[in-house]
There are 2 protein chains.
Amino acid sequence: MNIQFKKGVLEICVLSVLARKDCYGYELVGEISKRIDISEGTIYPLLHRLKDVGYVTTYLQESAGGPSRKYYRLTEAGRKEEHEQKEEWMRFAASVNALLEGKNDAAD
Amino acid sequence: MNIQFKKGVLEICVLSVLARKDCYGYELVGEISKRIDISEGTIYPLLHRLKDVGYVTTYLQESAGGPSRKYYRLTEAGRKEEHEQKEEWMRFAASVNALLEGKNDAAD
DNA sequence: AGTAAGTACCTTGCATAGCAAGATACTGTG
DNA sequence: CACAGTATCTTGCTATGCAAGGTACTTACT
């Protein structure tokens, strides 16, 4: 898988999963990896960025068989951002597809 | 437009346009910018990379109203790469869309 | 002649995000 | 007690895109 393709996209993936349910980092790796490989060295810095800009808040919760988990929850700003980034991704992907298919009319 | 989304994608865009016709750098900026913003500071290094790895060859051609143009032509390796990267992009985009739509079954 | 705009090529330095590799620490199993 | 699985984190590296700048040719206007 072309690593470069993932740049920026993993962020909207994380936001999108969190829009459906609160998750902890390790869980997110598993969820997203069903579709797209993502490593722990990517997810944790990403989650910290999202917290820094106020798209998520965190809370700790103990786990049965392991260390306690840090759950991430979307804020209202995060929910709005999720919506906007999703739309932007859709527009972008449509533009790329049009280019790859050789459609020359910008109205497509 | 999220700059990060373009990482890696502009390369397949360039290969795809060149698969249809030979182009010079300045022309490629115009062609691709119909759909996706791309700057000259991106295209020239990219074209040089493509030449270094043998996906394109170049030839000079004089121009009526300006300096001579350096045209880029896909090699066989470049054509094969165009095909493979296009398929990879399609798979990737489908994975992202599935994730954003919350489809949980990896069979989708 | 001089100057500006459009064409066409190029480079340098910066910002960003993903990853491999490693560190830390908790729990349950052999 | 060691090991595997869970769970968090950091450091150093890599790749790509961009802004900003430079060079040089041609045409049009003053």
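In what follows, chains carry the letters A, B, and so on, assigned in the order in which the sequence lines appear, proteins first and then strands, with residues in each chain numbered from 1.
Checked by atom type and distance alone, the side chain of A:Arg49 never pairs as donor or acceptor with a backbone atom of A:Tyr44 at under 3.5 Å.
In the set C:dC19, D:dT8, C:dA17, D:dT8 carries the atom at the smallest distance from any side-chain atom of A:Tyr24. Taking every side-chain heavy atom of A:Pro67 into account, D:dT6 is the closest of D:dT6, D:dA19, C:dC19. Of the candidates C:dC19, D:dC18, D:dA15, the closest approach to any side-chain atom of A:Gln4 belongs to D:dA15.
OP1 or OP2 of D:dT8 has not a single side-chain nitrogen or oxygen of A:Ser68 nearer than 4.0 Å. One finds a side-chain N or O of A:Tyr26 lying less than 4.0 angstrom from the OP1 or OP2 phosphate oxygen of D:dT6. Contact annotation: B:Lys70 reaches the phosphate of C:dC10 (side-chain N/O to OP1 or OP2, under 4.0 Å). For the pair A:Lys6 and C:dC19, the criterion of a side-chain N or O lying under 4.0 Å from OP1 or OP2 is met.
Pairing each heavy atom of B:Ile36 with each of B:Cys13, the nearest pair is CD1-SG, 4.1 Å. Scanning all heavy atoms of the two residues, the minimum distance from A:Ile32 to A:Ile43 falls at CD1-CD1, 4.4 Å. Contact record, A:Leu15 with A:Glu81: CD1-CG, 4.0 Å, taken as the closest heavy-atom pair.
The interatomic distance linking A:Met1 (CE) with D:dA15 (P) rounds to 19 Å, in whole Å. The CD-P distance, from A:Glu11 to C:dA17, rounds to 7 Å in whole Å. Rounded to an integer number of Å, the gap from OH of A:Tyr71 to C1' of D:dT6 is 12 Å. Distance CD1 (A:Ile32) to P (C:dG18): 10 Å, rounded to an integer number of Å. For A:Ile3 and D:dC13, the CD1 to P distance is 17 Å, given to the nearest whole Å. Atom pair A:Leu10:CG and C:dT16:C1' shows a separation of 13 Å (rounding to whole Å applied). Rounded to whole Å, the distance from CD on A:Glu31 to P on D:dA7 is 13 Å. Computed from coordinates, the B:Glu62 CD to C:dC9 C1' distance equals 15 Å when rounded to whole Å.
Within 4.0 Å (heavy atoms only), A:Glu27 reaches no atom of the nucleic acid at all. Residue A:Asp37 is in sugar-phosphate contact alone, with no base atom involved, counting any heavy-atom pair closer than 4.0 Å across all strands shown.
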Could you list, one pair per line, each protein nitrogen or oxygen that sits under 3.5 Å from a nitrogen or oxygen of nucleotides 28-30 of chain C, together with the distance?
none

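Residues from residues 42-60 of chain B with heavy atoms under 4.0 angstrom of DNA chain C, sorted by number: B:Tyr44, B:Pro45, B:His48.
For the pair B:Tyr26 and B:Arg69, the minimum side-chain heavy-atom distance is 4.5 Å or more.
Applying the 3.5 Å distance criterion, the base of C:dC9 shares a donor-acceptor pair with the side chain of B:Glu40.
Screening A:Lys21, A:Lys70, A:Lys34 for a salt bridge (Lys or Arg N to Asp or Glu O under 4.0 Å) involving A:Glu27 leaves a single residue, A:Lys21. When each of A:Met90, A:Glu84, A:His83 is tested with A:Lys86 by the rule side chain to side chain contact (heavy atoms under 4.5 Å, CB included), just one qualifies, namely A:Met90.
Residues A:Thr57 and A:Lys51 bring no donor and acceptor atom of their side chains to less than 3.5 Å of each other. A:Asn97 and B:Trp89 form a side-chain donor-acceptor contact under 3.5 Å, judged by distance and modelled atom types alone.
The aromatic rings of A:Phe92 and B:Phe5 are tilted relative to each other, their planes meeting at an angle between 30° and 60°.
Residue order along DNA chain C, read from the 5' end via each residue's closest nucleotide, puts A:Ile38 first among A:Ile38 and A:Ser63. Mapping B:Gly41 and B:Arg69 onto DNA chain C by nearest heavy atom places B:Arg69 at the nucleotide closer to the 5' end.
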